[in-house]
Structures are given as C-alpha cells and as structure tokens.
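Worksheet: the structure to be examined is printed underneath.
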Amino acid sequence: MKINFSAAAAAILAAVTLTACGGSNPPKASYKSDVKTALVNPDALEKHLGEYPDLEGSGPHLRFNKTTARPGEYAEVTMSVANADMQWNMCGIHIVYPDILEPEISNPEEHYVWYKKGDALENSTGAVCIQWHNKLPDLLQEKRLGCTFFTCMFEGNSGLDGEIMKFHLKVPEDAKSGTVYNIGCYYADTDLFKCAENIPSFQKYAFQHFTGGTITVE
C-alpha cells in the first residue's frame, strides 16, 4: 500500500506545534549551549518509553558530526545512522543548537530549512525539514536553544545506514576562535525513529544512544 507521506508529515508537524509551550521567545543573546550529550531532556524519553524493556543486543546508532567553520560562515551539520540498515521505517527528530546559530532557510514564509538528503534516504518516499520558530518549550528557552525539526518516511523497513541529512547553521560574525557549539536533540513524545513493526524498544535504543555533535569556530 502506498504511504501518504504528505499527510503523515503534516500530522507530525501539527503534533509538534500542539506540544509547544511557553510564550514568545526572549531576545537572542550570546550563549554557549551546555548540551553534553545528544538528549537535552533524557527524563522525557524515560517518561515516554521507560516502561518498555531495553532492546536485546545492539540497535540503531544515531549521531551528529563534529565540524568546524569560520566566523560568519555556515557550518555543515550532518545526522547519520549506523547498525540499522534496512531496519527502519520513519524518523522525526528535533535538532537543537545554541540560538545564536541560524539555520539556512529555503522558504522564509513557511520556515522550511534548506537540507540535503544523504545516502541513508535513498529509498525515502519524502522528507521535511522546518524551523521551530516560535512558542518553543520552556526548557529550550531557558537553555537558549534553537530548534529544527526533521522527518522522513519509507515504505517498509527500507531506511539504510549512512548519512540521513545535512543542513547549515550560520556561525555569528563575532564568534571567537575556539568556541564550541554543541548540537543535540530535544525529545518530544512526537519524536520517533521506528521500524515498520513499531517496536518501542527499537526507538528507545535509538534515542538512548544518540551521540551529540559540535561546531568549533576556526
């Protein structure tokens, strides 16, 4: 059966909007994120999936890359997966970073973020990348984190290992050499990295073992 990706993606994006809390964003300020691992809110994952048993053996390994950029330039951030070749069906992930970094936008009116599919999405039926630009959760506002949401879908378990996607974050013009910005993940109960069989332990493993990335200013 053909999957209606547009409808599924729209449903996820609508759920993302509905789960937002807090008011308007505070003014941007110079801030270095304190993200040390991928998940900035591991308690949320535990609350949502903690009741399910851990996956037996090894599961999907998601990670962001470590990269560099000069002040005023765009850094290329990639998200990859390993140990999940032909085992996953869909993902929906909130990518977070210090809010002084600006994603490259492809459609300002709709807040779509420029991105490029990686080899892991060779069989994908569609993907969406969008900036979460207002009414961010209190936690992200408190930590001064911006957020980009990415989702993609496949027919069956046809997701591959490799690079899932890449997008660009602009480093401030006045960034000092040696500054390190951390790239992580905000886990909402709408987030997922699932197989067609929809096994909760598979998704739990993916987010528990998600590895954060960095951008270092040259």
Side-chain angles (χ1 to χ4, degrees), residues 9 11-52 60-67 75 77-79 90-105 111-113 115 128-152 164-165 167-172 175 179-194 200 203-216:
I12 293 175
L13 292 173
V16 167
T17 302
L18 290 172
T19 57
C21 59
S24 60
N25 296 336
K28 292 184 182 298
S30 179
Y31 177 80
K32 181 178 182 298
S33 169
D34 61 359
V35 178
K36 300 302 181 184
T37 58
L39 291 184
V40 299
N41 57 339
D43 290 346
L45 177 66
E46 178 62 25
K47 181 178 179 180
H48 188 219
L49 296 175
E51 66 181 283
Y52 297 101
H61 288 246
L62 292 163
R63 69 176 181 87
F64 294 111
N65 66 323
K66 295 182 179 180
T67 189
V77 177
T78 66
M79 181 169 64
M90 188 175 186
C91 78
I93 295 171
H94 288 86
I95 304 169
V96 293
Y97 39 82
D99 63 6
I100 57 174
L101 303 179
E102 293 288 345
E104 182 178 358
I105 301 296
H111 301 279
Y112 286 123
V113 174
Y115 74 98
V128 175
C129 193
I130 191 167
Q131 183 184 27
W132 197 354
H133 64 285
N134 60 13
K135 294 185 179 181
L136 272 73
D138 291 338
L139 177 64
L140 299 189
Q141 295 188 54
E142 291 166 5
K143 290 181 174 290
R144 311 295 299 186
L145 295 173
C147 184
T148 290
F149 180 73
F150 177 79
T151 183
C152 66
I164 295 174
M165 58 85 79
F167 73 112
H168 293 155
L169 289 171
K170 188 174 182 180
V171 174
T179 300
V180 178
Y181 302 110
N182 293 288
I183 312 299
C185 173
Y186 172 78
Y187 183 83
D189 58 12
T190 53
D191 284 19
L192 47 86
F193 188 88
K194 64 184 286 291
Q203 177 165 306
K204 178 181 177 182
Y205 186 101
F207 284 99
Q208 280 183 330
H209 295 82
F210 209 140
T211 301
T214 58
I215 298 171
T216 301

Between F210 and F207, what is the ring plane arrangement, given parallel below 30°, perpendicular above 60°, and tilted in between? tilted
What is the ring orientation for H94 with Y186, classed by angle as parallel under 30°, tilted 30 to 60°, or perpendicular over 60°? perpendicular
Identify the two heavy atoms, one from [X] and one from [Y], that lie closest to each other, and give their separation to 0.1 Å.
| X | Y | value |
| --- | --- | --- |
| M90 | C152 | CG-O, 3.0 Å |
| V96 | C185 | CG2-N, 3.6 Å |
| V113 | P103 | CG1-CB, 4.1 Å |
| C147 | L136 | CB-CD2, 4.2 Å |

Quick check: does any side chain N or O of T151 sit under 3.5 Å from a backbone N or O of C91, one acting as donor and the other as acceptor? yes
Among all residues two or more places apart in sequence or in another chain, which pass the side-chain hydrogen bond (donor to acceptor under 3.5 Å, both in side chains) test with H168? E104
Between atom [atom1] of [X] and atom [atom2] of [Y], what is the distance when rounded to the nearest 0.5 Å?
| X | Y | atom1 | atom2 | answer |
| --- | --- | --- | --- | --- |
| F64 | I215 | CZ | CD1 | 10.5 Å |
| L62 | I93 | CG | CD1 | 5.0 Å |
| Y97 | F167 | OH | CZ | 5.5 Å |
| T211 | N65 | OG1 | CG | 12.0 Å |
| H111 | Q131 | NE2 | CD | 7.0 Å |
| N41 | L140 | CG | CG | 7.5 Å |

So [Y] and [X], do their side chains get closer than 4.5 Å, heavy atoms only?
| X | Y | value |
| --- | --- | --- |
| N182 | T214 | yes |
| T179 | V171 | no |
| V128 | F149 | no |

Report the C-alpha separation of H48 and Y187 in whole Å, then their side-chain angles, then the decisive distance to 0.1 Å, and conclude whether the side-chain contact (heavy atoms from CB on, under 4.5 Å) test is met. CA-CA 10 Å; H48 188 219; Y187 183 83; 2.6 Å; yes
Quick one, I183 with L169, criterion side-chain contact (heavy atoms from CB on, under 4.5 Å). Give me CA distance, side-chain angles, the key distance, then yes/no. CA-CA 10 Å; I183 312 299; L169 289 171; 3.9 Å; yes
Criterion side-chain contact (heavy atoms from CB on, under 4.5 Å) on I100 and Y181, from CA distance to verdict: CA-CA 10 Å; I100 57 174; Y181 302 110; 3.7 Å; yes
Report the residues that fulfil salt bridge (Lys or Arg N to Asp or Glu O under 4.0 Å) with K204, sequence neighbours left out, ordered by chain and then residue number. D54
